[in-house]
Amino acid sequence: QLQASGGGLVQAGGSLRLSCTTSGGTFSYYVMGWFRQAPGKEREFAAAINRSGGSTIYADSVKGRFTISRDNYKNTVYLQMNSLKPEDTAVYYCAAGRSTLSRWPEGYNNWGQGTQVTVSS
């Protein structure tokens, strides 16, 4: 199971760090991703990280502002979000997959419950 936390309300230009902790299975076997879904919109990819943490990919909309990382000893993946914008407002979901890095939800088969991020202007 995946448990995401760290969401909240922040002003534009601010920062938040999301965490996602897993229980069960071997965390280091999984590729981990962060997706987000704004009201009335489809779920979209934000960032992903490979099993070792040595390779990452980002959506163009967050590149340079968000950083994904992982601690395989703590079974946790993080999403550091800086320079937040109102358009970053969404429910953020972490996801785990067993394949290669993917920008598509179909590449992940375990999902957390989501954490709300709200950025005020």
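Look at Asp60 and Lys63 and you find a salt bridge, because one of the NZ, NE, NH1 or NH2 atoms lies within 4.0 Å of a carboxylate O, short of that distance.
Atom CD of Glu87 has more than 12 neighbouring heavy atoms from other residues, nucleotides or ligands inside a 6.0 Å radius.
Formation of a donor-acceptor pair under 3.5 Å by the Gln3 side chain with backbone atoms of Gly112 is not found in this model. For Arg103 (side chain) and Tyr58 (main-chain N/O), a donor-acceptor pair under 3.5 Å exists by modelled atom type. A donor-acceptor contact shorter than 3.5 Å is absent between the side chain of Arg51 and the backbone of Ser28. Of the possible polar contacts, one joining the Tyr108 side chain to the Ser102 backbone as a donor-acceptor pair under 3.5 Å is found. Judged by distance alone, with hydrogens and angles left aside, the side-chain atoms of Thr89 form a donor-acceptor pair with the main-chain N or O of Val119 at under 3.5 Å. Side chain of Arg70 to backbone of Phe27: a donor-acceptor contact under 3.5 angstrom is found.
To the nearest 0.5 Å, atom CD of residue Gln37 and atom CD of residue Gln116 are 11.0 Å apart. Separating the OG1 atom in Thr76 from the CG atom in Leu2 is a distance of 10.5 Å, to the nearest 0.5 Å.
Applying the ring pair (Phe, Tyr, Trp, His ring centres under 6.0 Å) rule to Tyr30 yields no partners; only residues at least two apart in sequence or on another chain are considered. In terms of the ring pair (Phe, Tyr, Trp, His ring centres under 6.0 Å) criterion, residue partners of Phe45 (sequence neighbours excluded) are, by chain and number, Phe35.
Heavy atoms only, all atoms of each residue included: Met32 and Ala96 are closest at SD-CB, 3.6 Å.
Tyr78 is listed as a side-chain neighbour of Asp71, based on a closest heavy-atom distance under 4.5 Å.
By the criterion of side-chain heavy atoms lying less than 4.5 angstrom apart, applied directly or through intervening Ile, Leu, Val, Met, Phe, Trp or Tyr residues, Tyr92 is grouped together with Val10 in one hydrophobic cluster.
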